[in-house]
Protein chains: 2
Amino acid sequence: MREQHPVYLQLRQQLLLWIEQKQLDSQDKLPAERELAQHFNTTRVTLRQALSQLEAEGRVYRSNRRGWFITPPRIAYDPSIDVGFYQYVKDQGMVPRTKTISRNLVETPAWLAEKTQLALGEAVYQFVRRRYVNERAVLIEHNYISSASCPGLLDKNTDHSLWQILRDDYQLNPAERAIEIYPQAILAEQAELLNISQGSAGLYLERQSSDQHGNFLEFDQEYWIHDALKLVVNIARTE
Amino acid sequence: MREQHPVYLQLRQQLLLWIEQKQLDSQDKLPAERELAQHFNTTRVTLRQALSQLEAEGRVYRSNRRGWFITPPRIAYDPSIDVGFYQYVKDQGMVPRTKTISRNLVETPAWLAEKTQLALGEAVYQFVRRRYVNERAVLIEHNYISSASCPGLLDKNTDHSLWQILRDDYQLNPAERAIEIYPQAILAEQAELLNISQGSAGLYLERQSSDQHGNFLEFDQEYWIHDALKLVVNIARTE
DNA sequence: AAGTGGTCTAGACCACACG
DNA sequence: GTGTGGTCTAGACCACTTT
């Protein structure tokens, strides 16, 4: 035997056992840190280190200053399928909710013009929305939609599926999509909207869609909490 | 003005400026923690909190007990393209390297049989490899390849591209692929192989490929360091 | 008002990396 | 061997949440 595991890793193990024993379920709250620290005969600092470990592993999560909770299972999401958040969450037996935080007609900024077919300064709709799964906020979404293609979109209810509105009200369907995905810490603005601490692990997903006519349709940025999502992609033979 | 940012976030900002000033480049080493703490007139604990923040953001990384370094740019990777690690790293002007850690003929375990067409106990080749970009270890890969389809594979040099071997020596090409991706902390075994600490943020990528005849070809698990990778997926219209 | 999580200090010891 | 990063303690104060 060479090395003894550090205390916080032993504590991690004990916590897992304790959770199992207590049969804590998704979104159940753990006892106060001071209480746990005493129970396991250690310091709050070390306890928090152990909890942070479990947080990184996606076993527990926290909500600002409210405490630690048991992480629910991940949502599976296939970005190649024409199904929106609202639908695929429901299909997996969870309860989706969307809150539109802001909606504006803005001028296309430089960074967006560079990435898309949009001209610098051209008017686009910008939506910022927060999405929940079982009342847990799991992502912040920034949408940019061509204003020319979708007159009057600002007046519609965007608390459900944008794609459905595009399809039903404007006969626009997403066709080609270019997607970028990478792990990225949640920074200040999004962290505040998600009520988590800045620097929490996250997954960034960016998607540009064009419609069935090949025109720019939508640019989408999604800031996901790291433990809420599982991406599933199926790829057929490329000829 | 309501709230003052906590010290470690101010320190984060100062560190970024300091790095810029010093013109530190990819993989350059930062000074010792004690030195930095003194320079910024704070404690090691707080300094480490600031560094951890930057680590989460992918600006700095650490290598076990060796210190803190500047994070190099991410590698872009399109899992829908028939190009292996070796090729796409080179295409982006970086230097790839692969070290085969183990190669074995093993019996298909239960979890693998469940996921694939492989029968429980059937013989498969198992490869564990560590991959580097510019001599920085960025992922651990577990490969399972049908032994029936590839006799003699164990004797070949697997320090480059497996796919190339499959193509050139066995006339097998990956066709359909099912991919799963999610953020996941790097746990004990992989952390040790990557020389990072257990619980570091990571990205898990799992891929099952079948060949041009529709037979099982390969099952692949990749444990990526969170800051090394950017996924790019292009999806055409699904008819 | 009380309790909780978030932050911070000033030490300390150890195991490992590196010269 | 020396210095470094990794870990740990025993406090403390503050801002926020909850009662």
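Just so it is clear: chains get the letters A, B, ... in the order the sequence lines come, proteins before strands, and each one is counted from 1.
Judged by the 6.0 Å and 45° rule, A:Arg97 forms a cation-pi pair with A:Tyr132.
We find that CG of B:Leu11 is positioned 10 Å from P of C:dT9, with the value rounded to whole Å. Distance A:Phe40 CZ to D:dC8 P: 15 Å, rounded to the nearest Å. Per the geometry, CG belonging to A:Leu47 stands 13 Å off P belonging to C:dT4, to the nearest Å. The distance between atom CG of A:Asn41 and atom C1' of D:dA10, rounded to the nearest whole Å, is 13 Å. Between the CD1 atom of B:Ile196 and the P atom of D:dG5 there is a distance of 18 Å, rounded to whole Å. Spacing between atom CD of A:Gln38 and atom P of C:dG5 amounts to 14 Å, rounded to whole angstrom units. If you measure from atom NZ of B:Lys29 to atom C1' of C:dA17, you get 10 Å, rounded to the nearest angstrom. What separates CZ of B:Phe69 from C1' of C:dA17 is a distance of 11 Å, to the nearest Å.
The base of C:dG6 sits within donor-acceptor range of the side chain of A:Arg44, with an N or O pair under 3.5 Å. The base of C:dG5 is not paired with the side chain of A:Arg66 by any donor and acceptor separated by under 3.5 Å. Judged by atom type and distance alone, A:Arg62 does not reach the base of C:dG5 through any side-chain donor-acceptor pair under 3.5 Å.
When distances are taken from the side chain of A:Arg34 to each of D:dT9, D:dT4, C:dG6, the shortest belongs to C:dG6. Comparing D:dG5, C:dG6, D:dT7 by their closest approach to the side chain of A:Gln49 singles out D:dT7. Of the candidate nucleotides C:dG6, C:dC8, D:dT4, C:dC8 has the atom nearest to the side chain of B:Tyr8. Of the listed nucleotides (C:dG5, D:dG6, D:dC8), D:dC8 has the atom at the smallest distance from the side chain of A:Thr46. You'll find that the side chain of A:Pro6 is closest to D:dC8, out of D:dC8, C:dC8, C:dC13.
Note: A:Tyr86 and A:His160 have perpendicular aromatic rings, judged against thresholds of 30 and 60 degrees for the angle between ring planes.
The side chain of A:Thr42 places no N or O atom within less than 4.0 Å of a non-bridging phosphate oxygen (OP1 or OP2) of D:dC8.
Tested against A:Glu141, the residues A:Arg131, A:Arg130, A:Lys99 include a single salt bridge (Lys or Arg N to Asp or Glu O under 4.0 Å) partner, A:Arg131.
At a threshold of 4.0 Å, the pair B:Glu57-B:Arg12 counts as salt-bridged, since one of the basic side-chain nitrogens sits closer than that to a carboxylate oxygen. Ionic pairing of A:Arg207 and A:Glu180 is not present here: no N-O contact between side-chain nitrogen and carboxylate oxygen is shorter than 4.0 angstrom.
Each of B:Val45 and B:Arg65 has a nearest nucleotide on DNA chain D; the 5'-most of these lies closest to B:Arg65.
When heavy atoms are screened at a 4.0 angstrom cut-off, A:Ser197 is found touching no nucleic acid atom at all. Among the atoms of the strands shown, base atoms are found under 4.0 Å from some heavy atom of B:Arg48.
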